[in-house]
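Encoded as structure tokens, the structure appears first; notes follow it.
In listed order, ligands and their atoms are each counted from 1. Remember, it's a predicted structure, so these values are computed and weren't measured experimentally.
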Amino acid sequence: MKVLYASSEALPFAASGGLADVAGSLPQALRNRKVACRVVMPLYGSISDEMRASMKFITSIMVPVSWRRQYCGIFEAKAGGVVYYLIDNEYYFKRNGFYGHYDDGERFAFFSRAVLEILPYIDFKPDIIHCNDWQTALVPVYYSTLYANREGYTGIKTVFTIHNIQYQGKYGRDILGDVFGLGEEHASLLHFGDCVNLMKGAIECANKVTTVSNTYAVEILDPWFSHGLDPILKDRSYKLSGILNGIDVKNYDPETDKDIPYNYNAKDFSNKAKNKAALQEIFGLPVRDEVPVMGIVSRLVSHKGLDLIKRIMWELLNLTDMQLVVLGSGDWEYESFFKELAAAFPEKVGLRLGFIPDMARKIYAGSDLFLMPSKSEPCGLSQMVALRYGSIPIVRETGGLKDTITDSGDGKGNGFTFKTYDAYDMLDAIGRALAAYADREGWQKLVERALKCDNSWGKSAKEYIKLYESVL
Ligand code: GLC
């Protein structure tokens, strides 16, 4: 079986969020199980010269974008044993940041079209094209409208994965012909409300639609989570399922991680205390072993549950001997909240604004608790990485958080959870976590249980293979 995995970002070449982790690790896991899986992604300007030096130029073609033809260079690279195709067009991809440009619709229509146009030029004829999020949502649409009956293209199946339903790719109706090059006869596939909606088109056209946890697959049928798409998903629920993400346990391994000062494993994690001291030093906090350190590594946006944190953190820090270490960037409202908090509690709060992967690892390794109270969370990777480094997650029971973290109230779980999106329910869970921390022996057992959790790709890769087999 041959799978072409289309993604707007993938490690190790370009990452801004969880999608890059998945696209950088699932293909490897599939390959280990005898599925030939290759990745296709844009060649962004930010990809380093060093990485470019290892790429091989295959050829260049012209790709139609409505009535225009745009240059498309095809490069090939290898990483972690996986072949990547990188789509080059400097006009579209040599810019600051991957997304957020006025012509994103056109940029990713070009990319989606390129995914199909390159097939005759690469030595890989996929049985399945697996697309991800709105950026590649046009692939299933183009395939079923323009390519399904073309010579060399027949019989390909498409799978579409929703990593976050909040971002759907919505544009004015004019874009359909002008930019996407699709006639009115195809309008019903993409029209939704007053807009052209790319995710809706993919849900209509893909052979299977998946999302990244079982719970989220059910949640998105509910208007509270669906950002409007629940009627479409309910209609198409026969092809919808949830498959939980895994993490790359080789990449995230406290035993070998070079970004953390002291390595450790589930058998001997005495070094975790040294990482904690190092973390306190980095963030200019008093170095004290007995004080609980809580970490937050997050995009600072509303759906990550930051309103709950805003509501109670001031009170919590006033009343509690604890330390808080925060890494993230995002909305001004939350960035300035944490700045004020750090200024008010210099002995208790450490803050770095930014997306700094090696600092994130130091926080996973050096913290005791990891707070992730998301309002919605399709899967969430950070809580799994936190477990892997023995930092105990406190999460809201939603999406993948619900599917990976169980409350340790009964002495068996791996974290602390709460249900309602309510600041005081969260505070209650934090309170229980702090009380558990005070019992040093019980805490060591909990950390050991966390370190032993298996969130590798094994099980989920098998589920994807079953899904692929079911459409072929
Ligand atoms: C998105 C989701 C996150 C998920 C990730 C990878 O970033 O918000 O929950 O873990 O995609 O699927």
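Within 4.0 Å of ligand 1, the residues that place a heavy atom are Gly18, Leu19, Val22, His163, Asn164, Val212, Asn245, Glu377, Pro378, Cys379, Gly380, Leu381, listed by chain and number.
By the ring pair (Phe, Tyr, Trp, His ring centres under 6.0 Å) test, Phe108 pairs with Tyr99, Trp134, sequence neighbours left out. Taking Tyr468 as the reference, His130 meet the ring pair (Phe, Tyr, Trp, His ring centres under 6.0 Å) condition, with sequence neighbours excluded. Evaluation of the ring pair (Phe, Tyr, Trp, His ring centres under 6.0 Å) rule for Tyr147 yields Tyr153 as partners, not counting sequence neighbours.
Ring pair Tyr92/Phe110 is tilted by interplanar angle, where 30° to 60° counts as tilted.
Using a cut-off of 4.0 Å between Lys/Arg side-chain N and Asp/Glu carboxylate O, Arg361 and Asp358 are scored as not salt-bridged. In this structure, Glu204 pairs ionically with Lys200, as a charged nitrogen and a carboxylate oxygen lie closer than 4.0 Å.
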